[in-house]
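Before any comments, here is the structure.
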Amino acid sequence: MTAGHKSEPHALTERGAATRSRIIDAAANLIYVHGVERTSLDEVMAASGVSKSQLYHYFADKDALVLEVITKQTERVLGAQQPHLDALDSLAALKAWRNVMVRLNKATGGRGCPLGSLASELANDSEPARKRLADGFSMWRDRIENGLAKMQERGELMPSADPRELALALLGAVEGGLLLAKTTRSSRPLEIALDMAIEHVARQLRAR
């Protein structure tokens with residue numbers, strides 16, 4: 001997967017930026033439902049209402065468009081968890097976030113994580129896509145870690161606890177839980193995985 005230079009929005013007009021964004025949104029929606037391989041550029045053009053010349057004006061090829069879809073889905077996934085994701089600085093906040101993740105999964109009909117689905121399809125075959133997906137997951141982990149670090153700064157989390165590793169465990173619970181929830185058509189795997197990960201955090205709290 002090789003992204004061309006046209007994937008970057010250099011000095012776009014307001015109308016051009018809106019068109020480019022509309023293409024990315026349409027591609028993201030289609031790919032979430034059908035996957036990268038089964039989504040054609042013709043379908044993206046039809047869904048976004050643009051011509052082939054317009055599409056290629058903004059994106060060198062499908063690979064370049066997919067990279068921007070990864071960025072878009074990262075924004076969507078993180079945004080859907082707000083304001084909880086940026087306030088995970090207590091056990092109660094973690095439990096509230098857990099409930100949000102379960103509700104989001106149910107709201108999508110158990111289709112799974114957009115980033116996780118992209119990773120399953122692209123990580124082994126496209127190094128640029130793998131790197132961008134890794135960046136997206138790192139941003140997600142960092143948001144979780146920030147809240148845990150605040151707990152440690154306040155003396156609530158034991159000094160021996162590693163906020164980054166705890167954040168990675170929580171993110172792993174989300175991704176693994178969502179994958180099993182998608183496969184089993186049940187939210188229970190996600191609920192159980194997150195409950196166990198949060199309980200692990202709770203064991204790292206200082207006794208009051």
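All residue numbers refer to positions in the sequence shown, counting from 1.
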About how many Å separate [atom2] of [Y] and [atom1] of [X], when rounded to the nearest 0.5 Å?
X      : Y      : atom1 : atom2 : value
Ile24  : Thr19  : CD1   : OG1   : 11.0 Å
His34  : Ser40  : NE2   : OG    : 9.5 Å
Leu88  : Leu94  : CG    : CG    : 5.5 Å
Arg20  : Asp25  : CZ    : CG    : 11.0 Å
Leu194 : Lys95  : CG    : NZ    : 12.5 Å
Ser126 : Arg132 : OG    : CZ    : 10.0 Å

Q: Report the C-alpha separation of Arg130 and Glu127 in whole Å, then their side-chain angles, then the decisive distance to 0.1 Å, and conclude whether the salt bridge (Lys or Arg N to Asp or Glu O under 4.0 Å) test is met.
A: CA-CA 5 Å; Arg130 185 198 66 77; Glu127 186 61 10; 2.6 Å; yes

Within one Ile-Leu-Val-Met-Phe-Trp-Tyr cluster: [X] and [Y], side-chain cutoff 4.5 Å:
X      : Y      : result
Leu12  : Leu55  : yes
Ile31  : Leu179 : no
Leu30  : Tyr32  : no
Met139 : Val174 : yes
Leu180 : Ile192 : no

How far apart are the closest heavy atoms of [X] and [Y], and which atoms are they?
X      : Y      : result
Leu78  : Gln82  : O-CG, 3.5 Å
Leu148 : Ala167 : CD1-N, 3.6 Å
Glu156 : Arg154 : OE2-NE, 2.8 Å
Leu170 : Ala197 : CD2-CB, 3.6 Å
Ser90  : Ala93  : OG-N, 3.0 Å
Ser187 : Ala181 : CA-CB, 4.3 Å

I want to check something: taking the side chain as every heavy atom from C-beta on, are [X] and [Y] in contact at a cut-off of under 4.5 Å?
X      : Y      : value
Glu68  : Tyr58  : no
Met101 : Trp97  : yes
Pro189 : Thr184 : yes
Asn105 : Arg111 : no
Leu166 : Leu157 : yes
Leu91  : Ile198 : yes
Pro159 : Arg206 : yes

Is it true that atom [atom1] of [X] has more than 12 heavy atoms of other residues, nucleotides or ligands lying nearer than 6.0 Å?
X      : atom1 : value
Met196 : CE    : no
Glu75  : CD    : yes
Glu199 : CD    : yes
Arg15  : CZ    : no

Q. With distance as the sole test, does Gln152 use its side chain to make a donor-acceptor pair with the main-chain N or O of Met158 at under 3.5 Å?
A. yes

**Q.** N/O donor-acceptor pair under 3.5 Å between Arg22 side chain and Ser48 backbone
**A.** yes

Show me the side-chain donor-acceptor pairs of residues 113-123 shorter than 3.5 Å, one per line, residues at least two apart or across chains.
| from | atom 1 | to | atom 2 | distance (Å) |
| --- | --- | --- | --- | --- |
| Ser117 | OG | Cys113 | O | 3.0 |
| Ser120 | OG | Gly116 | O | 3.1 |
| Glu121 | OE1 | Val36 | N | 2.9 |
| Glu121 | OE2 | Val36 | N | 3.1 |
| Glu121 | OE2 | Glu37 | N | 2.8 |

(Q) Per the salt bridge (charged side-chain N to carboxylate O under 4.0 Å, His left out) rule, what does the pair list look like for residues 183-197, sequence neighbours excluded? (A) Arg98-Asp195, Arg188-Glu191

Q. side-chain contact (heavy atoms from CB on, under 4.5 Å) between Arg164 and Leu168: does it pass, once the steps are laid out?
A. CA-CA 6 Å; Arg164 173 153 293 204; Leu168 191 57; 5.6 Å; no

